[in-house]
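Structure provided below as structure tokens; questions to follow.
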Amino acid sequence: MDQVTVRFADGSSAAYPRGTQLAAVARDRGAGDALAARVDGVERDLATPLERDAAVEWLSFADPAGRAVFWHSSAHLLAQAVRELFPQAKLAIGPAIDDGFYYDFDIGRPFGPEDLARIEARMLELAARDERIERIAVPRAEAQRAFAAAGERYKAELLEGIADDPVSFYRQDGFQDMCRGPHLASTGPIRAIKLLSTSGAYWRGDERREMLQRIYGISFPAQAALDAHLARIEEAKRRDHRKVGRDLELFASVEEVGQGLPLWLPRGATVRRLLDRYITDLEGSLGYEHVHTPDLASVELYKISGHWDHYRDNMYPPMRVDGEELVLRPMNCPHHIMIYKHRQHSYRELPVRIAELGTMYRYERSGVLSGLARVRAMTLNDAHIFCRPDQLTDEFVGVVRLIQQAYRDLGLRGFWYRLSLRDPRDRTKFVQNDAMWSLAEAQLREAMRRLELDYEEAPGEASFYGPKLDVQVPNVLGKDETISTVQIDFYLPERFGLEYIGEDSQPRRPVMIHRGVISTLERMMAFLIEQYAGAFPLWLAPEQVRVLPIADRHVGYAHRVRSELAARGMRVEVDASSERTGHKIRAAQLMKIPYMLVVGDREAREGTVSVRSRSRGDEGSYALAAFVARVVDEAASRRHDDAPSAP
RNA sequence: GCCCUCGUAGCUCAAUGGCAGAGCACCUCACUUGUAAUGAGGGGGUUACCGGUUCAAGUCCGGUCGAGGGCUCCA
């Protein structure tokens, strides 16, 4: 009785004849949607025979790992279609990514939109044939010969980086590609495909090497899922902060001012001021001291900090005046350090928390600029905490609590924590001081434990001077963005010779924490615009209430209503145009103004307002005083629970 | 910076190599309006910029600038 015992993820187990293929087990277990499987933790094709007892976990399209298999096979299908349509194409790499797949080709010319349509159509034809995908083992030498004969120099180079002999290939319908796998059992499940874009991409991500042509695509087991995905992309476009920023008159970029140098229009500047006040007040209540420092500094300051050596390429070149070399500051920390150094500090007064919404200038390469999200002049919600080593954990915990509070008020959700640590093997990217790193990393873990927060560790993602916590927030497309960051720094205190006087009246070295909570005002603005589709919660709305008089004779009463609200700090305008009420409502809705107050004969006579909410529509009549009280209260509560308005 | 795509009125978009147009917005006039667009009229353009091909260029070609999608970068 030659059997193997299989344990499944649900805890059950079953016995099968040795050599049974996973596909047969899946059928037997009713796991018809399995695309591949994890066998003892290793991903395998369903064609894999079971040769010994094993733990098996099915991977379907519902699992990230299953999707990766699906998209990886889709990438092979893309390569097959391109190879059939462009026989001269040389293949590079084609992995699955978070949202689909891509494949890099060298075909000696770029792909155009018509090419994408043809390739996509060919992929669908190939998938419909439901060809079997099989894994084959090819002796290394044979693969080398084949690549050389076909001129597949990229594949040949990839093979050099692989130690296996034989190496695995996957073959479908006469097309084959060197690949580790696993893959789908056949091409049939790939029923809906969309090729989304083409772009240039450097071979191996190295800008000194060949520029290849990359095709991005996505695929699904069913058309409905593809349609839903494309609808999400459309929704993201509708919310794009660059479009909403223009439509709602929040900010503008003009060529005459320069690349990456946006102008904040009055409405956008209002939101910016509100964010500035909000975070400044919150920090003030938590013991931060706000300062103002200049946007320029002597280049000497950055030579001391070490930034000049590490970061010069991203700084604007120095201006020479009166024998001095000045640079636009690319960060604020050296200025804050000088404020700390301005006088002596006792161990009793630490921690010192110096904060500033400081404007910084970074020379970003032109290709990376994007709306407000990536600019060359930006104002960072920055602060530097100078503390004793024994205070580090407490201070770190305090910063994380501050972040949590800000996210509650701003309505940021779905975020997670990433501890970015050094890669101990990379001796060039990180400051060399093993004891310092170990201590800092241990203290961060301890703080996270005390906060009872889950986090992921990301080795190699630390900054050069110390480990950090990044708070990742998913944007409209579900992609994570780093919004807040808390960085431990033992390095700059050393560079600048920072001190405090200890209990024993001897000088000691403080530790620094660099932290940004709401990122730069530019990036936070971009993020919030997209999150709210421009329909800011009442407390952040640039115009909170608009009064709509029915006819000219009601304009006087409308202004009285406006004054009552303005006296309570509300931002209110009157639409005194000669349009019909429907038109005024439409205009206010399109500007996403939270409340519209319709006032006519009845309201003027009774001292009321007819309230319309942008999200809930007509809410009926309110006594003016009652509405004022309600709306003032709602703004103070910073509620952000009203649904985004329809387009 | 590199690859590709794109650049027409404030916005969204038309215009086979053959007279630069529409809707919205703006201005004027009339209407005095009750919960998502009242009607009529008017102004607004070196078709991003520079050069070339052509009898003729928004359209074709080259360059520059800018934007977008990626690559690279993000201490």
Side-chain angles (χ1 to χ4, degrees), chain A residues 97 102 104 106 109-113 115-116 196-216 233 237 240 242-243 246-247 249 252-260 302 305-315 330-331 333 362-371 373-374 378 429-431 461-466 468 482 485 487 489 491-492 514 523 548-555 577-591 596-603 610-614 616-621 645-647:
Chain A
I97 53 178
Y102 68 78
D104 286 347
D106 184 350
R109 69 164 182 92
F111 291 110
D115 296 326
L116 282 195
L196 296 164
S197 63
T198 61
S199 76
Y202 301 110
W203 167 233
R204 304 211 133 175
D206 184 339
E207 61 184 320
R208 290 164 306 196
R209 307 214 44 188
E210 299 85 337
M211 178 68 74
L212 304 176
Q213 296 303 315
R214 175 171 298 180
I215 296 178
Y216 284 93
I233 293 176
K237 269 192 205 154
D240 188 316
R242 292 165 301 197
K243 174 178 164 48
R246 187 169 55 235
D247 291 347
E249 298 176 24
S253 295
V254 301
E255 225 176 288
E256 291 84 340
V257 174
Q259 278 186 289
Y302 299 98
S305 69
H307 290 115
W308 186 247
D309 286 339
H310 271 92
Y311 197 62
R312 193 183 326 182
D313 290 347
N314 286 295
M315 292 169 65
M331 71 283 303
C333 28
R362 298 181 178 188
Y363 170 69
E364 302 278 9
R365 303 214 278 179
S366 62
V368 308
L369 300 173
S370 173
R374 195 79 183 262
M378 69 219 89
K429 196 177 161 192
F430 305 103
V431 174
E461 292 293 314
S463 55
F464 81 88
Y465 51 69
K468 59 180 181 171
T482 303
T485 170
Q487 310 183 353
D489 181 1
Y491 176 72
L492 284 180
H514 307 242
R523 235 155 66 74
L548 312 180
I550 299 278
D552 290 350
R553 63 179 178 282
H554 308 123
V555 170
S577 67
S578 65
E579 299 291 346
R580 269 104 181 113
T581 305
H583 185 98
K584 295 182 181 182
I585 286 171
R586 178 178 157 80
Q589 285 284 164
L590 290 176
M591 291 304 278
M596 289 149 269
L597 303 179
V598 179
V599 296
D601 289 332
R602 192 170 61 237
E603 288 77 13
S610 180
V611 177
R612 180 187 167 95
S613 145
R614 74 175 165 206
R616 299 177 294 272
D618 193 345
E619 299 195 335
S621 186
S645 65

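We name chains A, B, ... by the order of the sequence lines, and we start the count at 1 in each one.
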P spacing across the pair rC71(B) / rU64(B), given as an integer number of angstrom: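 Nearest-Å result for rC71(B) against rU64(B) at atom P: 24 Å.
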Work out how far the C1' atom of rC26(B) is from that of rU12(B), and round it to whole angstrom.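 Straight-line distance between the two C1' atoms is 16 Å.
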May I have the distance from D104(A) (atom CG) to rC4(B) (atom P), rounded to whole angstrom?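 Atom CG in D104(A) sits about 15 Å away from atom P in rC4(B).
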Report which part of the nucleic acid R214(A) touches: base, sugar-phosphate, or nothing (heavy-atom distance under 4.0 Å, all strands).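 Sugar-phosphate contact only - R214(A) comes under 4.0 Å of backbone atoms but never of a base.
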Looking at every strand, decide which applies to G371(A) at a 4.0 Å heavy-atom threshold: base, sugar-phosphate, or nothing.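 G371(A): backbone/sugar contact only, no base atoms under 4.0 Å.
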Rounding to the closest angstrom, what is the interatomic distance between rA37(B) and rG18(B) at atom C1'?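 After rounding to an integer number of Å, I get 38 Å for this pair.
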Establish whether the base of rG10(B) is bridged to the side chain of E249(A) by a donor-acceptor pair shorter than 3.5 Å.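 Such a pair does not exist between side chain and base.
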Which stems, defined as runs of 3 or more consecutive Watson-Crick or G-U wobble pairs with both pairing distances under 3.5 Å, involve RNA chain B?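 Consecutive-pair runs (3 or more) involving RNA chain B: B:1-7 with B:65-71, B:10-13 with B:21-24, B:26-30 with B:38-42, B:48-52 with B:60-64.
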Send over the distance from Y102(A) OH to rC71(B) C1', rounded to a whole Å.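 After rounding, the reported distance stands at 10 Å.
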Going 5' to 3' through nucleotides 41-46 of chain B, assign each nucleotide B (protein heavy atom under 4.0 Å from a base atom), S (under 4.0 Å only from sugar-phosphate atoms) or - (no protein heavy atom that close). ------
May I ask you to say what L369(A) touches in the nucleic acid, namely base, sugar-phosphate or nothing, with a heavy-atom cut-off under 4.0 Å?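 Here L369(A) touches the backbone only, sparing every base.
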Report yes if a donor N or O on one partner sits less than 3.5 Å from an acceptor N or O on the other, where the partners are the side chain of R612(A) and the base of rA36(B); otherwise report no.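 Result: at least one qualifying N/O pair found.
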Contact class for H307(A) vs. all strands (heavy atom < 4.0 Å): base, sugar-phosphate, or nothing?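 Base contact - H307(A) has a heavy atom under 4.0 Å of at least one base atom.
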Length of the NZ-C1' vector between K243(A) and rA67(B), whole Å: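 Going from K243(A) (NZ) to rA67(B) (C1'), I get 16 Å.
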Nearest-Å distance once atom P is located in both rU53(B) and rG62(B):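 Straight-line distance between the two P atoms is 15 Å.
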Could you check which of rG1(B), rA36(B), rG66(B) has an atom nearest any side-chain atom of R586(A)?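 Side chain of R586(A) sits closest to rA36(B).
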Rounded C1' spacing from rG42(B) to rC4(B) in Å: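 To the nearest whole Å, 43 Å.
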OP1, OP2 of rG1(B) versus side-chain N and O of S366(A): anything below 4.0 Å?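 Yes, such a contact exists.
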Between the base of rG1(B) and the side chain of Y202(A), is there a donor and acceptor pair under 3.5 angstrom?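 Yes, a donor-acceptor pair under 3.5 Å.
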Just call it for Q213(A): base, sugar-phosphate, or nothing, with non-hydrogen atoms closer than 4.0 Å on any strand.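 Answer is sugar-phosphate: Q213(A) comes under 4.0 Å of backbone atoms only.
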For G367(A), which contact category applies under a 4.0 Å heavy-atom criterion: base, sugar-phosphate, or nothing?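 The answer is base, as G367(A) lies within the cut-off (heavy atoms under 4.0 Å) of a base atom.
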Those residues that, when tested against Q487(A), pass side-chain hydrogen bond (donor to acceptor under 3.5 Å, both in side chains) (two or more places apart):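 By the side-chain hydrogen bond (donor to acceptor under 3.5 Å, both in side chains) rule, Q487(A) matches Y465(A), T485(A).
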Let me spell it out: for each of G258(A) and H554(A), pick the nucleotide of RNA chain B with the closest heavy atom. Which residue's pick is nearer the 5' end?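 The answer here is H554(A).
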With a 4.0 Å cut-off on heavy atoms, is R362(A) in touch with a base, just the backbone sugar-phosphate, or nothing at all?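 The answer is base, as R362(A) lies within the cut-off (heavy atoms under 4.0 Å) of a base atom.
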Any donor-acceptor pair under 3.5 Å between the side chain of R374(A) and the base of rC73(B)?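 Checked by distance alone, the answer is yes.
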In whole angstrom, give me the gap between the P atoms of rG43(B) and rU8(B).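 Approximately 23 Å lies between the P atom of rG43(B) and that of rU8(B).
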At under 4.0 Å between heavy atoms, what does D601(A) touch on the DNA or RNA strands: base, sugar-phosphate, or nothing?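 Here D601(A) touches the bases of the nucleic acid.
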Under 4.0 Å, counting only non-hydrogen atoms across every strand here, what does R242(A) touch: a base, just sugar-phosphate, or nothing?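 Answer is sugar-phosphate: R242(A) comes under 4.0 Å of backbone atoms only.
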Once hydrogens and angles are ignored, does a donor-acceptor distance under 3.5 Å link the base of rU32(B) to the side chain of R553(A)?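 Between rU32(B) and R553(A), which were checked side chain against base, a qualifying N/O pair under 3.5 Å is absent.
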Of the listed nucleotides (rC31(B), rG34(B), rC3(B)), which one gets closest to any side-chain atom of S578(A)?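 It is rC31(B).
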Selection from rC3(B), rC73(B), rU38(B) that lies nearest to any side-chain heavy atom of V368(A):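 Ranking rC3(B), rC73(B), rU38(B) by closest atom to the V368(A) side chain puts rC73(B) first.
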